[in-house]
There are 2 protein chains.
Amino acid sequence: MLRTGDLKLMQELNRSIILNTIRKKGPISRSDIAKLINISPTTVTSAVNELINQRVVYEDGVGSSSGGRKPVLLRFDPNSRYIIGVSISNSFIKISEMNLEGAIIKREVHSTHQYQGNEIINLILTIIEQFITSKDNIDLCEGISIITPGIVDSSKGILSYNSKLKLYNIALKQIVEEKFNIQTHIDNDTNAFVQAENYFGSFSQYKDLLYITIGDGVGSGVMINGKTLRGYKGSAGELGHTTIVRGGLKCECGNEGCLENYVNWPAIYSKIVSSLLTRGKGTFIHDQVKGDLSKITPALFVQALKEGDVLCLRIMDEVVSHLSTSIINTIHLLNPEVIILSGEIIQDNELFLGAIRSKVAQGVIPILKEEVNIQPTSLGADFEMLGAAAVILQEKFQFVFQ
Amino acid sequence: MLRTGDLKLMQELNRSIILNTIRKKGPISRSDIAKLINISPTTVTSAVNELINQRVVYEDGVGSSSGGRKPVLLRFDPNSRYIIGVSISNSFIKISEMNLEGAIIKREVHSTHQYQGNEIINLILTIIEQFITSKDNIDLCEGISIITPGIVDSSKGILSYNSKLKLYNIALKQIVEEKFNIQTHIDNDTNAFVQAENYFGSFSQYKDLLYITIGDGVGSGVMINGKTLRGYKGSAGELGHTTIVRGGLKCECGNEGCLENYVNWPAIYSKIVSSLLTRGKGTFIHDQVKGDLSKITPALFVQALKEGDVLCLRIMDEVVSHLSTSIINTIHLLNPEVIILSGEIIQDNELFLGAIRSKVAQGVIPILKEEVNIQPTSLGADFEMLGAAAVILQEKFQFVFQ
DNA sequence: CATACTTAATAAAGACAGTGGAAAAACTAA
DNA sequence: TTAGTTTTTCCACTGTCTTTATTAAGTATG
């Protein structure tokens with residue numbers, strides 16, 4: 001139900017704004033906060049006192065004077081509390097303790113042992129239990145954040161659908177919360193990644209983002225007006241299952257000509273293999289592989305492109321052509337401020353980015369041409385953990401009314 | 001900039017909630033409002049006093065007693081103020097005075113005289129001037145709302161792009177506000193229609209809507225989380241210019257295989273014509289047209305479908321096939337709660353709706369099949385004016401913090 | 001180095017919106 | 001007529017923000 005206004009709401013709102021100001025603009029003085037957000041210095045003082053009491057903010061020296069008393073500088077303390085992030089993928093369960101800036105304090109990686117269904121759930125619970133039993137400061141845990149591929153209804157905390165792990169309609173949030181008595185959040189992985197790009201990455205100035213990751217499939221996350229788009233039942237963002245070829249390949253999702261069937265590593269891999277078999281003698285990739293197909297990796301593909309391997313360049317053009325169709329469609333439908341690409345074949349691959357940029361620019365409505373902004377991911381190797389952290393921190397630090 | 005919390009914000013918020021409660025739930029007593037929104041009766045009394053002072057709410061008799069004092073019933077007064085709506089299309093400029101429920105009090109329709117560019121702007125200004133000069137209660141005007149096809153940056157009040165009328169980067173909001181000194185809002189027409197479906201129509205319980213209108217082109221509007229999606233520069237919602245046929249027809253937008261080229265009335269019309277020329281003897285539509293091509297109208301097309309005309313049925317199937325590709329893509333990307341179709345060929349056309357529903361159900365990810373909800377527009381003939389009203393009323397009655 | 005001027009932070013007083021309890025108003029039921 | 005109920009309002013109170021000092025801690029300058 002709608003929240004009505006009372007003094008408590010007022011205070012919560014102001015404290016949240018002040019804390020976020022310190023977090024984003026710190027080190028900053030009380031006086032500067034007051035000027036910046038246009039609030040009385042008195043209010044800042046009392047709010048900061050409370051935040052210091054909660055150990056989430058601390059005083060850190062003084063700034064330089066501009067003709068009067070030196071300002072006391074305030075900083076956000078990212079180590080005042082911690083988060084537990086859990087990333088479930090098809091082969092691994094990663095778990096880590098992070099501070100409030102997403103810095104990893106402790107981490108573990110476990111195999112899924114190809115478990116499925118209930119076994120996976122039990123495995124997750126065991127892993128979490130072992131991870132936290134040693135901790136004596138469990139009261140400082142801000143929450144557990146679990147991310148997974150598939151369809152997740154994050155508001156209800158239900159993992160609705162993950163076909164690879166055979167998980168259907170699991171009330172995972174409830175299960176974890178009841179077992180460990182720690183606030184838990186569950187979300188789709190790509191939704192988490194787009195949040196992380198916005199929260200931790202170099203895209204914090206944008207509010208409308210499209211994130212596309214290319215791996216075994218094509219995943220995507222959409223942020224609109226600063227909020228991750230979840231759709232009616234939490235299944236928004238399935239760009240990989242939008243049709244780009246009418247009457248095209250039948251997809252296991254039931255649809256036809258889905259982007260995912262044309263743009264993913266297995267598709268690229270098999271194109272390379274079949275090209276190598278039919279021709280390609282003398283090309284860079286042919287010389288590198290020397291008949292050992294296991295040497296064909298995304299990294300080698302990227303390297304081949306850099307070496308000007310015509311065979312791989314041709315394959316890249318096909319991929320670019322398909323992907324750009326989807327990107328253009330999404331621009332026309334949503335017009336995001338930035339489109340972020342990730343995945344091994346995009347990693348360190350300016351050639352691919354340049355090709356996508358020019359292909360998209362060709363097809364987009366002319367008035368939008370100047371605005372198209374396609375960038376590689378700004379998250380590093382720990383993007384999964386950053387994703388988990390981002391969804392929980394976003395929730396903690398973003399004051400919401402409804 | 002972010003708004004901080006003070007007593008004024010608190011009061012504004014509560015008054016807005018109370019007014020909306022009366023508007024939506026009225027007639028309702030002060031006491032029931034207090035219970036419904038969980039606020040103290042005292043606060044309701046003082047807020048209602050102010051709203052009655054502003055004439056936006058009035059007392060309307062008493063309700064029945066449930067064992068004590070009879071409640072005084074409060075109603076929203078839709079006639080306390082009025083709105084001026086202006087709809088600009090390729091051939092007509094419609095202007096009307098509406099009350100706060102979108103009921104039309106006075107209306108005019110003007111031809112655009114095929115004017116373009118500056119001439120159109122001057123014509124609009126003249127039409128508005130003549131429409132309001134006679135009014136002596138201009139202080140009761142809540143605002144002017146202008147809607148138009150094309151790309152509109154509604155936050156800046158700029159009409160960025162309307163190729164048919166040759167309007168580019170017109171600061172229309174500013175122009176109108178400076179001339180008439182009345183708060184003015186400008187928005188894209190389909191964005192306004194989706195708002196109207198949500199505000200006036202039968203889709204008020206939904207917060208994620210996709211609106212598609214089929215006419216000379218394909219227009220669309222997207223509402224996410226109760227807010228119209230405008231995109232970075234106000235050009236979101238161009239579903240008509242998303243590719244559904246790779247390597248398909250070159251579109252004037254620069255893209256290829258755009259939905260709009262396969263699904264619109266001119267395309268259907270020319271298919272009917274060419275079918276009639278090659279075959280079709282003895283079919284319903286052939287007998288009705290009798291060689292007079294001007295008799296081929298959307299209404300006749302719909303009638304022919306009802307009569308089981310095989311020629312038209314085949315054309316419908318093609319249209320349905322193309323349209324459903326786009327709808328499936330949008331469901332997978334955005335997963336709206338409801339998809340609303342409008343346009344003459346959808347009007348009173350259950351056959352078409354049924355065909356779309358079953359085609360979409362076939363292609364959509366199985367887990368979403370049950371959730372797909374495709375409905376015809378709930379707005380009547382005055383949808384343009386309702387659209388104009390909706391955008392301005394939404395702004396007035398929806399309390400926003402940022 | 002004393003004095004005047006700045007700037008930062010805090011304290012005290014004041015303003016004001018919402019709350020809770022009491023009272024008034026208006027009704028029902030017996 | 002009386003007791004009980006429901007609606008509405010009045011009034012004192014609470015609590016948060018703001019304004020207006022006040023204190024603290026600096027700089028600039030003759």
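So that the names make sense, note that chain A is the first sequence line, chain B the second, and so on, each numbered from 1. The model shown is predicted, which means the values in this text are computed figures rather than measured ones.
- Note on A:Glu178 versus A:Lys173: no salt bridge recorded, every NZ/NE/NH1/NH2 to OD/OE distance being 4.0 Å or above.
- Using cut-offs of 30° and 60° on the angle between ring planes, the pair B:Phe397 and B:Phe76 is perpendicular.
- Of the listed residues (B:Asn198, B:Leu334, B:Ile224), just one forms a side chain to side chain contact (heavy atoms under 4.5 Å, CB included) with B:Asp208, and that residue is B:Ile224.
- In this structure, A:Glu12 atom CD and D:dG15 atom C1' are separated by 14 Å, rounded to whole Å.
- Heavy-atom contacts from other residues, nucleotides or ligands closer than 6.0 Å to CG of B:Asp139 number more than 12.
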ask   = Using a cut-off of 4.0 Å between protein heavy atoms and nucleotide atoms, how would you tag nucleotides 4-12 of chain D 5' to 3' with B, S and -?
value = BBBBSBBB-

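- Atom CG of B:Leu9 is separated from atom P of D:dT16 by 15 Å (rounded to the nearest Å).
- Atom-to-atom, CD1 of A:Ile18 to C1' of D:dT16 comes out at 12 Å; the value is rounded to the nearest Å.
- Residues A:Arg230 and A:Asp187 are paired through a salt bridge, judged by an N-O separation under 4.0 Å between the basic side chain and the carboxylate.
- For A:Glu142 and A:Lys396, the salt-bridge test passes: some basic side-chain N is under 4.0 Å from an acidic carboxylate O.
- A:Asn20 places a side-chain N or O within 3.5 Å of a backbone atom of A:Ser16 that can act as its donor or acceptor partner.
- Counting to the nearest Å, the C1' atom of D:dG15 and the NZ atom of A:Lys8 are 9 Å from each other.
- Read 5' to 3', the first and last nucleotides of DNA chain C with an atom closer than 4.0 Å to a heavy atom of chain B are C:dC16 to C:dT28.
- Checked against side chain to side chain donor-acceptor pair (under 3.5 Å), B:Arg15 has no partners two or more places apart in sequence or in another chain.
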